[in-house]
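Report on one structure; see the data block that follows.
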Amino acid sequence: MAERERLHRQLTVDRRVLVVIDHVTSLAQVRGLVPVTPDVLLLVVVSGPPLLLEVERVALPPLSDRYAKQMVRKVAGPENAARVKAELPGLLARCQGNPFALHTEARLLAAGASAGAGAEAVASDRGAEAWQHHPVRATARQASLRLDPEAVRLCRLTALGGWPSVSAGLAAAAAGLDEERAARMLAEAADAELLERLPDLRYRFRPEVRRQLAEAASEYGVQECSDAVARVLDALLDRVLRAAHAALPASWRTEPAPEGSTGPAGEADGIAVLAAEVANVVHAVSVAEEHRRITTALRLARALWPLQLKAGHWDDVLPALRAAARCAEENEADARMTGALNFQLAHCLGELGRWEQAGRAARAAVTYERAARHLRGEASSVELLGLLYLNRWLHEEAYERFVEAESIYRRITSGQERQEGAADLPRALALVERHQGRALRGMGRYDDSRRLLERTAEFSGGTAERPAEPYNRARALTDLAETLHEAGDHGEALKRIADAEALLTPAAAPHLRYLAGLRRRREAAAR
């Protein structure tokens, strides 16, 4: 999101621009887009409570009868509008100038219905008075009456969670149906305008429609409503755990994939699934906590690790990590889980340049992991503290933390028995050596830096017994290119950049962009 905001600034600088953002649901979506120049006007469209933002609030008035008639004629067609000309005043009165209600009524006319069909349908459901109070809710009720009762039940139960987007899998879980039937019902509901279509076969509810459907779901009973939300949480957790494992199978920070059905095929597919579901996962953390599904809330947040590590979705995942770390501490969750969540939070804050907050979270992670006597987690958290120093150009302090982390890692096998994490030790030591090499480069010790980075790159290339790690090899080669350039070997640096680019998939977009910039700088220096 930070990069999108920078692009927005570049595109609007020195221009007179009107920017309209529709369907805004949170302050975070627009905070970074607030103009800083008088020639850019930002118009934010919000349904529901206003945002806590210093803005001039403009209430959107209903359409006048003149424009309402124009909209009906445009959607229904001139012939259909003329056919029910005598009934149009009643239609306009019912819709009260609401564009959504007018559009839905006009689509009914286009399908051959009379202008009173909507009112008759609602009246038959004892809801005629709804037109007088809220035309959107009445229109949602009307649309529901045009669907099969099972499809209505699916929409109502799916609406309960307030999910930012709805897929066939999520809806199937809510209603307890198979995914194929759920997909068919969602398409029918979208045709009836209970849902809006999104890319990739996903949907969303308009806020007021969702509220009407969720309230109507109460007729199924408290237990059924609670069970529907629980089924969605379980299905979402299963989906993102599989995706996280596919995206980062060698990391101990991702859980093993659940048994049963298959998940994404590999790294790129896993990242794509996490990116598609990230808004739902962020929301689900709060929903799970509200339903006292504390473990579910924490596991959902942990599953976002590959997305923040490999794809740079730091702004997207930050709310979930803040909520999960707080939830873990308040509910006195397992110390290892609390440490892991604080680690993720520190990493995310560090990538966003919020150094003080990141340092606090990293130190909390060290404390919790140490309390849990989890050497691997403690060493990794100390290593993260070093990375925070490194990103602030404090190379000597960073190097000290990396050396400390290495000493903790080596304690894993120093006891009478091999401790947890021993199998991962070679990989962990290779990664911490990579960071030591980066710090040594900043200290001007290029030969030592090159030696460590070459060793890390070789390790990540794999052997007959150990699989290669293309992503980590690409990172090591990138660092090696930096060292070679600073040591004056520009040609060799460009070769390492090319090697790194060849190893990365499109899912590693932030790193590919970094390599592109690095190449431009190195090519300029080599001339």
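The model shown is predicted, which means the values in this text are computed figures rather than measured ones.
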### Task
For Val17 and Asp39, run side chain to side chain contact (heavy atoms under 4.5 Å, CB included): C-alpha distance rounded to whole Å, both residues' side-chain angles, the deciding distance at 0.1 Å, then the answer.
CA-CA 7 Å; Val17 182; Asp39 290 333; over 6 Å; no
### Message
Using the rule given for side chain to side chain contact (heavy atoms under 4.5 Å, CB included), can you reason through Val40 versus Arg15, listing the C-alpha separation, both sets of side-chain angles and the distance that settles it, and then say yes or no?
### Response
CA-CA 7 Å; Val40 179; Arg15 293 185 179 182; 5.9 Å; no
### Message
What verdict does the side chain to side chain contact (heavy atoms under 4.5 Å, CB included) test give for Trp355 and Asn391, after you've listed the backbone C-alpha separation in whole Å, the side-chain angles of each residue and the deciding distance to 0.1 Å?
### Response
CA-CA 9 Å; Trp355 308 117; Asn391 289 334; 3.4 Å; yes
### Task
Could you check Met185 against Thr158 for side chain to side chain contact (heavy atoms under 4.5 Å, CB included), going step by step and ending with a plain yes or no?
CA-CA 12 Å; Met185 291 177 184; Thr158 304; over 6 Å; no
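Side-chain contact check for Val282 versus Val317: every heavy-atom pair is 4.5 Å or farther apart. Contact check for Val229 versus Glu290: no side-chain heavy atoms found under the 4.5 Å cut-off. For the pair Leu388/Arg401, no side-chain contact is recorded, criterion being any heavy-atom separation below 4.5 Å from C-beta on. Side-chain contact check for Leu41 versus Pro35: every heavy-atom pair is 4.5 Å or farther apart. Looking only at side-chain heavy atoms (C-beta outward), Glu105 and Val72 stay at 4.5 Å or farther from each other. Thr254 is not listed as a side-chain neighbour of Leu241, based on a closest heavy-atom distance of 4.5 Å or more. Proximity of Val136 to Gln212: side-chain heavy atoms (C-beta onward) are nowhere separated by under 4.5 Å. In this structure the side chain of Arg210 never reaches within 4.5 angstrom of the side chain of Trp163, judged on heavy atoms.
Rounded to the nearest 0.5 Å, atoms CG (Leu349) and CD (Gln344) are 11.5 Å apart. Rounding to the nearest 0.5 Å gives a distance of 11.5 Å between CG of Leu515 and CZ of Arg513. Rounding to the nearest 0.5 Å gives a distance of 11.5 Å between CG of Leu300 and NE2 of His283. Summarising the geometry, atom CG belonging to Leu341 is positioned 9.0 Å from atom SG belonging to Cys327; distances are rounded to the nearest 0.5 Å. Here the CD-CZ distance, from Glu397 to Arg392, works out to 9.0 Å after rounding to the nearest 0.5 Å. Note that the CG atom of Leu480 and the CZ atom of Arg434 stand 11.5 Å from one another [nearest 0.5 Å].
Closest approach of Ala288 to Leu233, counting heavy atoms only: CA-CD1, 3.9 Å. The shortest heavy-atom contact between Gln10 and Val13 is O-CG1, 3.3 Å. Shortest non-hydrogen contact noted between Ala493 and His485 is CB-N, 3.9 Å. Here the closest non-hydrogen pair linking Leu304 and Val278 is CD2-CG2, 4.3 Å. In plain terms, the two heavy atoms of Gly270 and Pro264 that are nearest each other are N-CB, 3.6 Å. Minimum heavy-atom separation, Ala172 to Glu179: CB-CA, 3.8 Å.
Under a 3.5 Å cut-off, the side chain of Asn98 and the backbone N or O of Phe100 do form a donor-acceptor pair. Side chain of Lys310 to backbone of Ile271: no donor-acceptor contact under 3.5 angstrom is found. In this structure a side-chain-to-backbone donor-acceptor pair under 3.5 Å is present from Arg107 to Asp191.
Crowding of Asp22 atom CG: a count of heavy atoms from other residues, nucleotides or ligands under 6.0 Å exceeding 12. Heavy atoms from other residues, nucleotides or ligands lying under 6.0 Å from CD of Glu330 number more than 12. In this structure, Leu201 places its CG atom where only 12 or fewer heavy-atom neighbours from other residues, nucleotides or ligands lie under 6.0 Å away. The number of heavy atoms from other shown groups lying within 6.0 Å of OH (Tyr203) is above 12.
Salt-bridge formation is detected for the pair Glu208/Arg211: a Lys NZ or Arg NE/NH1/NH2 atom is positioned less than 4.0 Å from an Asp or Glu carboxylate oxygen. Taking a cutoff of 4.0 Å between a charged side-chain nitrogen and a carboxylate oxygen, Glu492 and Arg496 qualify as a salt bridge.
In this structure, the ring pair (Phe, Tyr, Trp, His ring centres under 6.0 Å) partners of Phe343, at least two apart in sequence or on a different chain, are Trp305. Under the rule for a salt bridge (Lys or Arg N to Asp or Glu O under 4.0 Å), the partners of Arg360 that lie at least two apart in sequence or sit in another chain are Glu356. Considering only residues two or more places apart in sequence or on other chains, Arg441 meets the salt bridge (Lys or Arg N to Asp or Glu O under 4.0 Å) condition with Glu486. Under the side chain to side chain contact (heavy atoms under 4.5 Å, CB included) criterion, Ala81 pairs with Arg73, sequence neighbours left out. In this structure, the side chain to side chain contact (heavy atoms under 4.5 Å, CB included) partners of Ala189, at least two apart in sequence or on a different chain, are Leu147, Cys155, Leu194, Leu195.
There is no side-chain donor-acceptor pair under 3.5 Å between Gln308 and Glu351. Side-chain N/O atoms of Ser449 and Thr483 include a donor and acceptor closer than 3.5 Å.
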Only pairs under 3.5 Å count here: list side-chain donor-acceptor contacts from residues 501-512, not counting sequence neighbours, and write none if there are none.
residue : atom : partner : partner atom : Å
Glu501  : OE1  : Arg519  : NH2          : 2.7
Thr505  : OG1  : Glu267  : OE2          : 3.3
Thr505  : OG1  : Ala507  : N            : 3.4
His511  : NE2  : Thr478  : OG1          : 2.9

